[in-house]
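Scroll down for the structure; my scribbles are underneath it.
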Amino acid sequence: LSLVADDSLRNFALQTDPTVKSVLRYITEIGNSAWPLGIGGLLWVVLALLLRQRHGFTKTALRRARACVLLVMASVALSGLLANILKQVIGRARPMTDGGAEVYQFNLLAFDPAWASFPSGHATTSMAMMIALAMILPRHALACIAIGLLGAVTRVQLGVHWASDVAAGITLGVAVTIVLRQLLDAGRRRALIPYGTARLLRRCLASLVHNTLKHPIQLFGVVLKKLR
């Protein structure tokens, strides 16, 4: 399935109109970790300064807001770091490497951007950030997830990642965010989001992880065969 999807979607991406690609290059910046970390860092400083001057209910609200900022920043930073480590170690060729790479073409520990396709870093951080925001803003959860997926799939259409790279990135971003939210809630007396909403979100995300995990498993199987 991964072999068929990766190759067919790469061929489809090659036919994308240049004008459409120029628009997609702006949309794909959703997954650029620089801006959420930059804005998050600024908000963290502002909230820290306000916490020194506030008391009572206002201070509780500010602490809650700071926890939300922490969740978003930590999700983006940690998932992005893991994605970068994995892609350097695995060394999968990007779709356009040397004019057209094979679907399963690897150069382990290449430390070369042309051989850093799996998993997609933009897909990872895009989903990590939007899943975190979906948890913080449950009423807008579907919109957040849709935006995250949109940012992720542009990587395939731009021809810089295989579909399985994006699937793996989505899985990694979702998994890291879920774990971090649980750790954050474990250290608080009150959950970051209501229990009922968290339970529903967890079921939806578990289904997403289960479906996207099929591609990485197939890919790692190929890597192991190559190593043998």
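Closest of all the heavy-atom pairs between Ala128 and Ser75 is CB-O, 3.7 Å. Of all the heavy atoms in Asn107 and Trp115, the pair that sits closest is CB-CE3, 3.4 Å. Summarising the geometry of Trp44 relative to Leu70, their closest heavy-atom pair is CZ3-CB, 3.8 Å, with the distance given to 0.1 Å. The shortest non-hydrogen separation linking Gly169 to Pro119 is N-CB, 3.8 Å. The minimum heavy-atom distance linking Arg63 with Leu51 is given by the pair CG-CD2, 3.7 Å. Taking each heavy atom of Gln88 and Ala116 in turn, the nearest pair found is NE2-CB, 4.0 Å.
Put simply, the side chain of Thr171 does not reach to within 4.5 Å of the side chain of Met127, judged on heavy atoms. Side-chain contact between Ser79 and Thr125 is present, with heavy atoms from C-beta onward closer than 4.5 Å. For the pair Ile30/Met130, a side-chain contact is recorded, criterion being any heavy-atom separation below 4.5 Å from C-beta on.
To the nearest 0.5 Å, atoms CG (Leu49) and CG (Leu62) are separated by 11.0 Å. Taking CZ from Arg92 and CZ from Phe106, the interatomic distance works out to 5.0 Å, rounded to the nearest 0.5 Å.
Between Asp165 and Arg155 no salt bridge is recorded (no basic side-chain N to carboxylate O distance below 4.0 Å).
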- Task: Determine, step by step, whether Leu24 and Ile27 satisfy the side chain to side chain contact (heavy atoms under 4.5 Å, CB included) criterion, reporting the C-alpha distance in whole Å, the side-chain angles of both residues, the deciding distance to 0.1 Å, and the verdict.
- Result: CA-CA 5 Å; Leu24 293 178; Ile27 298 176; 4.3 Å; yes
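For the side chain to side chain contact (heavy atoms under 4.5 Å, CB included) with Ile170, the qualifying choice from Thr124, Val153, Leu149 is Leu149, the only one to do so.
Between the side chain of Thr28 and the backbone N or O of Arg25, no donor-acceptor pair lies under 3.5 Å. Arg94 contributes a side-chain N or O that, together with a main-chain N or O of Val160, makes up a donor-acceptor pair within less than 3.5 Å.
A single hydrophobic cluster is seen to contain both Leu180 and Met129, as judged by linkage of ILVMFWY side chains at heavy-atom distances under 4.5 Å, directly or through other members.
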